[in-house]
2 protein chains.
Amino acid sequence: MAPDEIKRISLAVIRRLPKYHKCLGELLQKNVERISSQELGRILGFTASQVRQDLNNFGEFGQQGYGYNVKQLYNEIAKILGLNTEHKMVIVGAGKLGQALAGYTDFERHGFKIMALFDIDPKIVGSKVRDIPVYDMKDIIYFVNENEIDIAVIAVPRERAQEVVDILSKTLIKGIWNFAPVEVKAGSNIIIENVHLLDSLFTLSYRMNESKWMERLARKDGKKR
Amino acid sequence: MAPDEIKRISLAVIRRLPKYHKCLGELLQKNVERISSQELGRILGFTASQVRQDLNNFGEFGQQGYGYNVKQLYNEIAKILGLNTEHKMVIVGAGKLGQALAGYTDFERHGFKIMALFDIDPKIVGSKVRDIPVYDMKDIIYFVNENEIDIAVIAVPRERAQEVVDILSKTLIKGIWNFAPVEVKAGSNIIIENVHLLDSLFTLSYRMNESKWMERLARKDGKKR
DNA sequence: TAGATTGTTAATCGATTAACAATC
DNA sequence: TAGATTGTTAATCGATTAACAATC
């Protein structure tokens, strides 16, 4: 009598979910009604097998001989991604990055509403970014709990990031989206997603140089083998 | 006589390189002279085996009985990542995001110098963002070629992204760092690195909801097996 | 030399792909 | 019904981990 064993979904699968979601959204726009794993895979560059395996991690959404109903599948994936309920966010740090993020209307379109920014700089506390108020950092705990904020966006300099997370740990926040270039830590009740821009830039830089490396390695291997 | 076969480095390895780089940089700061794969792995959460396998993709940087020289390894990885030469960048799109990125001094610290921003809005063309000039989009081809720009950052709305890439394809640009939420396409001579912020946010949202799903699946599995 | 730790080969693990019976 | 396409099991592939001889 094995107790409900939790088969964890691999990160690779999870990272593909937004791709499915986006693709299905576009198909929906084009009034496509049904789609096969074959065709969906073709568009996204996945194999039909992978599409079916991925989706079957979450349920049986298709129908033999028919394929998947685009609208239904879109909704199911939205549900899986938690996009069926509204999320309330705050942005901590109202510098350039914080303001840029606050200016992004895409988030709101998908149900992520930015309720406030927080900063310590008295020069900007009290101002607004596109209707969104900038409050004093000292009020953040109260605000987050009172307004049932789900997600905090960390847009402060690397030195302040961990201390902000520690403050947030005292609230009912459930997720942290971290833009500071440090690996921040919090209790297991808070989910952290890191956006490491420098890592991404370095990866680009690596790939721009790759051919040089490959040559060197080819020579080296030639000697050895 | 197999011709120099190119053993491609997997993306998983490449994405770990910036982590090694950062960690070694911090060790260097602390004047640590040597480190074993064991200890390096412990800090980063990798196995010693993985550390050695990763590094041996690029060369033999260690020494039996000693480990790795921190400074030397740091420099080698910097070289692999292409951080030993300066890169010149332009940012296309001088809206909030473009300005935020232009304000990030971290890039410059690692040798990525932002030379100019480009926009079509006459209201901001001619202005400056922290000493960096904003030029008219029509001059971008000339500017990129004349100043030997390596990398273009795409910070325009999704609708303009592909058209900007098409323009850049006529230049000598080598890499594109794309912040627009679309999969842009270019010739194989240009490397593209996508930063899909929405995907990252959706992944966070998924993981915040995961426990709910796991329960449902556990029940479902209970029935089936 | 003895101890430590690498580079590298072999074993394991997990994720992707292929195959196919089930079924719409 | 016949054709299509799923859900799922089996095979393959690739990446991670373990083991160990080489060697500093």
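We name chains A, B, ... by the order of the sequence lines, and we start the count at 1 in each one. Values reported hereafter were calculated over all heavy atoms of this structure, with side chains retained and with hydrogens, waters and symmetry mates removed. Here the structure is a predicted model, which means the values were calculated and not measured.
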Worksheet item: Do the side chains of B/Phe112 and A/Phe202 get nearer than 4.5 Å, heavy atoms only?
Response: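 They are in contact (side-chain heavy atoms under 4.5 Å apart), so the answer is yes.
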
Worksheet item: Does any non-hydrogen side-chain atom of B/Phe107 lie less than 4.5 Å from one of B/Leu101?
Response: yes

Practice prompt. Classify the side chain of A/Ser49 and the base of C/dA18 as holding, or not holding, a donor-acceptor pair under 3.5 Å.
Written response: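 In this structure, the two groups form a donor-acceptor pair.
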
Worksheet entry | Side-chain donor/acceptor contact of A/Gln53 with base of D/dT9 under 3.5 Å |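 Side chain to base: pair found, below 3.5 Å.
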
Output the rounded distance in Å from [atom1] ([X]) to [atom2] ([N]).
| X | N | atom1 | atom2 | value |
| --- | --- | --- | --- | --- |
| A/Leu11 | D/dT16 | CG | P | 13 Å |
| B/Asn56 | D/dA22 | CG | C1' | 13 Å |
| A/Gln50 | C/dA15 | CD | C1' | 8 Å |
| B/Leu55 | C/dT8 | CG | P | 12 Å |
| A/Phe46 | C/dT16 | CZ | P | 10 Å |
| A/Ile14 | C/dA15 | CD1 | C1' | 14 Å |
| B/Asp54 | D/dT17 | CG | C1' | 12 Å |
| B/Phe61 | C/dT8 | CZ | C1' | 16 Å |

Item to complete: Just name whichever nucleotide pairs with C/dC20, Watson-Crick or G-U, keeping both distances under 3.5 Å, else none.
Response: D/dG7

Worksheet item: With both distances kept under 3.5 Å, what pairs with C/dA15, Watson-Crick or G-U wobble?
Response: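 Answer to the pairing question: D/dT12, which forms a Watson-Crick or G-U pair with C/dA15.
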
Worksheet item: Which residue lies toward the 5' end of DNA chain D, B/Gly65 or B/Ala12, if each is placed at its nearest nucleotide?
Response: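 Going by which nucleotide is closer to the 5' end, it is B/Ala12.
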
Practice prompt. Look at the side chain of B/Gln64 and decide which nucleotide, out of C/dT5, D/dT17, D/dT8, has an atom nearest to it.
Written response: C/dT5

Worksheet item: From the list C/dG7, D/dT6, C/dT17, which nucleotide is the closest neighbour of the side chain of A/Tyr68?
Response: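 For A/Tyr68, the side-chain atoms sit closest to D/dT6.
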
Item to complete: Could you check which residues of residues 28-44 of chain B get a heavy atom under 4.0 Å from DNA chain D? Sort them by number, please.
Response: none

Item to complete: Taking A/Asn145 for its side chain and A/Leu172 for its backbone only, find out whether a donor-acceptor pair lies under 3.5 Å.
Response: yes

Worksheet item: For A/Lys19, does its backbone N or O pair with a side-chain atom of B/His196 as donor and acceptor, under 3.5 Å?
Response: no

Worksheet item: Any side-chain N or O of B/Arg52 less than 4.0 Å from the OP1 or OP2 oxygen of C/dT6?
Response: yes

Discussion item. Is the phosphate of D/dT16 approached by B/Arg16 (side-chain N or O, under 4.0 Å from OP1 or OP2)?
Written reply: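 Yes, such a contact exists.
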
Worksheet item: With a 4.0 Å cut-off, would you call B/Glu210 and B/Arg207 a salt bridge?
Response: no

Discussion item. Taking B/Arg15 first and then A/Asp199, would you say they form a salt bridge - that is, a charged N and a carboxylate O separated by under 4.0 Å?
Written reply: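 Salt bridge absent between B/Arg15 and A/Asp199.
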
Discussion item. Atom NZ of residue position B/Lys22 - does it have more than 12 heavy atoms of other residues, nucleotides or ligands inside 6.0 Å?
Written reply: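 Atom NZ in B/Lys22 is packed in, count exceeds 12.
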
